[in-house]
Amino acid sequence: MEKVTGKGHRLLLMPLPFQGHITPLLHLGDILYSKGFSITIIHTSFNSPDPSTHPHFTFLPIHESLSESEASSIDSLHLVDLINVRIIQPLKECLDKLMRSKEETVSCFIADAVLHSTQSVCDGFKLRRLVLRTGGATSFVVFASIPLLRENGYFPIQESRLEEPVVELPPLKVKDLPKIETRDPEAFYEFVVQFVEECKASSGVIWNSFEELESSALAKLRQLFSIPIYPIGPFHKHFPEGSTSSSLLTPDTSCISWLDTQEHNSVVYVSFGSIASITKAEFLEIAWGLANSMQPFLWVVRPGLIRGSEWLEPLPSRFMENLGGRGYIVKWAPQEQVLAHVAVGAFWTHNGWNSTLESICEGVPMICSPCFADQKVNAKYVSDVWRVGVKLENKLDREEIEKTIRKVMVGDEGKEIKDNVLDLKEKAKISLKEGGSSYSSLDGLVTDILSLKSSTSEVH
Ligand code: UDP
């Protein structure tokens, strides 16, 4: 059978300008480029990606005018709302130019799902919009249920009800529901409703996930949505390891040489992603928990991770020296490479979706410390459904940290978790092979994009 190809068709892709969203969107661009499509990345000036990492793409900046203080807001929901508003006008101007060009047919616009304001902009140009959801399908089902959960009294979340089951969404408990620190809690509900509705209004949703991992959530979404959904992940495994990088920060590769000196499956890799922050007290509990566990550790302490500190100032003096080389700290790691390293035995993570998926793909058991948004749902599934990790249940405490590290690194439960994660790793691999679920879903996506073209060509 002749393969369908996107040759001669241009796709416009737009990321939400945060690390955990830019990486999967550029990976999606790579995947669609490999199917013959030409790729244009329309991006904000804030956190703009480095065009030199993808010389085969066209990069078009728009100027959304965020002030420095707005861009450095720690209220990420407020920032997302601002971005959604500020991109509207410059995006219209950008699309106006592109759609007038007679040189190439623009087949469709693919936006990060969080950029919900792009739907009405695309509608104005009769340009079909597909959506990339960079989080998991399971957490999306939870987001889509928030109006109902609110009606049923789960929100605002009450401390006294944390251990109660959410009967509408088993096996979640109240403590697993999405939560976000923001100046205006009402803005969170409004955002969620808009984000879900504009996904439904799109021509289809692409997921960085695979059928075998999230089959029941994907089945629910198929009932809920009248548009196609395409689980074609894990995106980063469509290509050989390290083929492209889209890191906003420069990874410190010296940690790989340090990992080379460690025993197989011995190192705890610790990272809470690109946005989460912790208090000084939490930082110190982590430090002592890691030190007391007696396992070697590689720890990403991003500048800005510790609220009120530049970097490592809260560490007691000679803390690292006293460990005799058993610990290594970097500001940013080449995470995919780290997780693939034979020395790594566990990943202590905040369960951002990318980190969760990357850990599964390398068969690395997780220790879960979810912070906000979808992370609590991801952590619940990691620990209780897929059983590929253990959750740190209470507030960060050095003794509990030490105990949990031991549980995962040694002992029967740790072995069972390792077997489960290796099983999922294999399933992820198979899903991408010819005939696999993600492979077939991608074929469907390419075919559908080419058919979308006919409905947009009339505007040329
Ligand atoms: N990451 C990295 N180096 C680090 C920490 C994180 O390359 O030191 C990458 C990680 O591989 C992942 C992304 O940053 O792809 C974080 O995304 P995730 O969804 O896990 O969390 P977020 O940063 O969005 O909270």
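Indexing begins at 1, ligand by ligand and atom by atom, following the structure's order.
Looking at D176 and K376, no side-chain N of the basic residue comes within less than 4.0 Å of a carboxylate O on the acidic one, giving no salt bridge. Taking the charged nitrogens against the carboxylate oxygens, R86 and E70 do have a contact shorter than 4.0 Å, which makes a salt bridge. Using a cut-off of 4.0 Å between Lys/Arg side-chain N and Asp/Glu carboxylate O, K173 and D384 are scored as not salt-bridged.
Between W299 and F297, the two ring planes are perpendicular [angle over 60°; tilted spans 30° to 60°].
When heavy-atom distances to ligand 1 are checked against a 4.0 Å cut-off, S355 comes that close through both its backbone and its side chain. Both the backbone and the side chain of W332 come within 4.0 Å of ligand 1, judged by heavy-atom distances. No part of E336 comes within 4.0 Å of ligand 1, judged by heavy-atom distances. Proximity of H21 to ligand 1, defined as any heavy-atom pair under 4.0 Å, is not found for any part of the residue.
Residue N354 holds the heavy atom nearest to atom 19 (O) of ligand 1 of all those in N378, V338, N354. Within the set G273, S274, G136, C255, the minimum heavy-atom distance to atom 23 (O) of ligand 1 is found for S274.
With respect to atom 13 (C) of ligand 1, the closest heavy atom belonging to the protein is Q19 CG, 4.2 Å. Nearest to atom 3 (N) of ligand 1 among the protein's heavy atoms is A333 O, 2.6 Å. Nearest protein heavy-atom contact of atom 24 (O) of ligand 1 is G20 CA, 3.6 Å. The closest protein non-hydrogen atom to atom 12 (C) of ligand 1 is E358 OE2, 3.5 Å.
Proximity to W353 (heavy-atom distance under 4.0 Å) selects the following atoms of ligand 1: 19 (O). For ligand 1 and G352, the ligand atoms under 4.0 Å from any heavy atom of the residue are 18 (P), 19 (O), 20 (O), 21 (O).
With sequence neighbours excluded, no residue forms a salt bridge (charged side-chain N to carboxylate O under 4.0 Å, His left out) with E400. Listed by chain and residue number, nothing satisfies the side-chain contact (heavy atoms from CB on, under 4.5 Å) test with P55 (two or more places apart in sequence, or in another chain).
For Q335, a nitrogen or oxygen atom sits less than 3.5 Å from a nitrogen or oxygen atom of ligand 1, counting backbone and side chain alike. Polar contact check, S271 against ligand 1: no nitrogen or oxygen pair lies under 3.5 Å apart. Looking at ligand 1, you won't find any N or O of S247 less than 3.5 Å from one of its N or O atoms.
For an aromatic pair to be called close, the ring centres must be under 6.0 Å apart, and F283 with W288 fails this. Proximity of the aromatic rings of W207 and F140 is defined here by a centroid distance below 6.0 angstrom, and this criterion is met. Two rings, from H236 and H238, have their centers 6.0 Å or more apart.
Both tests pass for R150 against the ring of Y189: distance under 6.0 Å to the centre and angle within 45° of the axis.
Ligand 1 has H350 within reach: a non-hydrogen atom of the residue lies less than 4.0 Å from it.
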